[in-house]
Amino acid sequence: MTHVTKRIFGIDLGTTNSCLAVMEAGGPRVIAIEGEPIVPSVVGLDRQTGRFLVGRRARNRQVLEPAWTVRSVKRRMGETARVRLGDRELLPEEVSAEILRYLKEQGEAALGEPVERAVITVPAYFGDAQRRATIRAGELAGLEVVRILNEPTAAALVYDRLVARKVEPQAVEAAPAPAGTALAVPGRRAGADVQRVLVYDLGGGTFDVSVVEIGGGINEVRASCGNNQLGGDDFDRLLADHLAAHLRQRTGRDLPEDLRLRARLEDAAERAKIDLSSRPYAQVTEEALVGGFHLNLEVDRPSFEELIDGLLASTLAEVDRALSEARLTAKQIDLVILVGGSTHVPRVRELLAGRFSCPVEHAVDPALCVALGAAVQGAILAGQVFDHILVDVAAHSLGIKTLDHASEGGFWGRPRANHFSTIIQRNTQVPATRSEVFRTLLDDQKSVAVEVYQGESARCSENTLVGHFPFKLLPAPAGSPVVVEFRYDLDGVIRVIVHQKGTDNRQEVTLSTRMREPAPAAVAAGTAGAVENYILRKARALTASLPAGELRERLAAAAESYEEVLADAEAGPTEVDPAEEELLELLQEAEEAAVGL
Ligand code: ADP
Ligand code: MG
């Protein structure tokens with residue numbers, strides 16, 4: 001990388017949050033501002049000092065000083081009507097300029113170098129007046145706006161650079177290799193240079209969906225739709241209503257109409273919502289609310305999803321509209337990229353994965369991706385040379401084996417299980433912690449086998465076994481929840497914590513995802529892998545416990561022929577799979593007989 005004297009920074013000037021990034025060796029990096037990667041796009045005016053406050057500080061004061069605070073000014077960009085902020089009246093771009101000035105000053109303090117030139121992103125649907133207002137905002141903040149870039153294009157650019165790396169492997173050797181895993185782009189058709197990417201961007205207060213063509217130096221937005229009054233704030237509002245209804249019901253009292261009470265509820269709702277993106281339950285505890293209310297409620301993910309389902313359905317309608325505007329069908333899309341903080345909600349990805357046959361990927365980090373893309377564009381404009389982007393991500397999805405694909409994870413307990421229930425998605429930035437809930441199959445089930453796999457197939461048998469261990473259960477009825485948490489760190493070490501909900505029965509096991517051969521390869525080489533050994537051990541144990549009879553004979557015979565195929569170095573999946581299927585069928589039958597089903 002050639003260092004230019006003045007780097008060109010990337011700025012995502014968002015409706016809800018803004019973010020500053022810059023290209024460094026190996027890849028674009030977000031500059032933390034006062035310890036946080038994103039800055040709330042909120043501007044306040046201090047009535048005593050007459051000074052502006054920006055970001056978290058302004059947002060925290062909003063409840064107390066609503067008239068002295070402006071948020072979501074981006075919606076007003078390009079309008080000539082002034083915005084009231086305390087005793088002043090400002091043009092929307094003057095308010096935006098305060099956000100940009102704050103990013104510039106804080107960025108300079110963090111980096112010890114001037115932040116002067118920038119690429120600023122705007123929504124694809126922004127018209128000329130809105131773009132001009134954005135440039136003026138930059139100038140007022142003392143920035144040279146080198147380019148205005150469409151947000152979906154910025155998001156897609158990060159991916160475009162990742163492709164460049166795949167196409168020219170020799171470039172990798174020429175470049176320094178900082179710690180990190182290369183982010184692979186799945187589903188890319190080799191040789192096809194123009195890709196059609198659907199960018200689904202769900203932020204705090206706006207939803208944008210665009211169809212972008214990238215590759216071969218072309219970056220073109222073919223269609224752009226959305227709803228500029230829909231986003232994560234609405235999720236918070238609905239969840240806050242739910243919390244209020246719970247309080248009303250529990251106390252039998254009406255809640256006072258109070259701005260501060262409402263703000264506390266919405267804050268609690270946002271925290272719970274964010275929790276629910278990485279775990280199945282969230283605990284909402286708010287003591288001493290206005291009116292002497294105490295709130296203590298557990299919210300589970302399905303209840304939250306039910307609240308927001310209508311809103312998510314309306315985003316899918318916009319997706320269809322964007323496709324038809326671009327004159328494309330869902331099948332013609334090569335990749336769906338998820339952008340915006342609200343796409344962390346797992347249901348979003350689920351819905352889109354059901355709608356498209358191509359990969360649906362979280363952008364590097366949905367909340368930061370637009371700024372990272374702007375930094376990539378900045379580096380290109382500054383003539384910085386780089387070939388690829390490296391980020392620390394999980395290179396494979398990680399999950400456990402379950403019986404099937406139930407709405408809440410899956411059920412456990414039968415050997416025939418082969419469904420791969422993902423807990424950490426591939427390309428998730430690491431370190432990452434995620435948990436999911438699974439349910440027991442039988443009344444007073446004795447234990448569950450926790451089998452951890454990595455890979456992208458929906459069938460565990462086609463993925464790689466990372467490790468397995470049994471988890472003993474306390475007596476509980478069938479369908480009881482067991483929470484499985486994965487903590488995945490930079491070194492490929494994964495900590496698995498299993499917890500029987502409502503009890504203090506928990507177990508923690510550390511596994512390594514390093515240096516594992518895919519299971520099918522191990523089978524083909526004539527050596528039984530851990531899964532196969534597990535099946536065989538189980539078969540032998542069950543054979544021993546069964547009373548003499550036809551079932552026992554058949555099980556013993558099936559186990560023997562399975563062992564034979566495994567030992568045969570020539571045997572491939574066509575021989576192994578039927579033998580395994582047969583043995584697993586019998587195992588299930590035997591298990592059911594053993595528990596008296
Ligand atoms: P914008 O582009 O509108 O400026 P962002 O892309 O930063 O906004 O998204 C902000 C929204 O994302 C907020 O509503 C915030 O609550 C939501 N959000 C952030 N992280 C998560 C998460 N882990 N799960 C669910 N929502 C999240
Ligand atoms: Mg955004």
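Side-chain atoms are counted along with the backbone in the values below, which use heavy atoms only and exclude waters and symmetry mates. Counting convention: from 1, in listed order, for ligands and their atoms alike.
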Using side-chain heavy atoms (C-beta onward) and a distance below 4.5 Å, is [X] in contact with [Y]?
| X | Y | value |
| --- | --- | --- |
| Leu265 | Leu239 | no |
| Glu139 | Glu93 | no |
| Glu89 | Glu94 | no |
| Arg117 | Glu144 | yes |
| Thr315 | Val209 | no |

Residue [X] vicinity, atoms of ligand 1 by number, heavy atom under 4.0 Å:
| X | value |
| --- | --- |
| Val345 | 25 (C) |
| Thr15 | 3 (O), 4 (O) |
| Gly204 | 1 (P), 3 (O), 8 (O), 9 (O), 10 (C), 11 (C), 13 (C), 14 (O) |
| Gly340 | 6 (O) |
| Gly14 | 4 (O) |
| Asp233 | 14 (O) |
| Thr16 | 1 (P), 3 (O), 4 (O), 8 (O) |
| Gly232 | 14 (O) |

Could you check whether Arg237 pairs with Asp234 (Lys NZ or Arg NE/NH1/NH2 to Asp/Glu carboxylate O, under 4.0 Å)?
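Salt bridge present between Arg237 and Asp234.
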Pairing of Glu151 and Lys74 as salt bridge, 4.0 angstrom limit:
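Result for this pair is yes, salt bridge flagged.
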For atom CZ of Arg57, is the number of surrounding heavy atoms from other residues, nucleotides or ligands below 6.0 Å larger than 12?
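Counting neighbours around CZ of Arg57, 12 or fewer heavy atoms of other residues, nucleotides or ligands fall under 6.0 Å, so no.
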Top protein contact for [atom], by heavy-atom distance:
| atom | answer |
| --- | --- |
| atom 15 (C) of ligand 1 | Glu270 OE2, 3.3 Å |
| atom 22 (C) of ligand 1 | His344 CB, 3.3 Å |
| atom 27 (C) of ligand 1 | Gly341 O, 3.2 Å |
| atom 2 (O) of ligand 1 | Gly203 CA, 4.1 Å |
| atom 7 (O) of ligand 1 | Asn17 ND2, 2.8 Å |
| atom 25 (C) of ligand 1 | Ser277 OG, 3.3 Å |

Under 3.5 Å, is there a donor-acceptor pair linking the side chains of Glu287 and Asn296?
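Not at all, the side chains of Glu287 and Asn296 share no donor-acceptor pair under 3.5 Å.
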Would you say the side chains of Tyr200 and Thr343 form a donor-acceptor pair under 3.5 Å?
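No, because no side-chain N or O of Tyr200 sits under 3.5 Å from a partner of the opposite role on Thr343.
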Hey, is Ser342 one of the residues with a heavy atom under 4.0 angstrom from ligand 1?
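So Ser342 counts as touching ligand 1.
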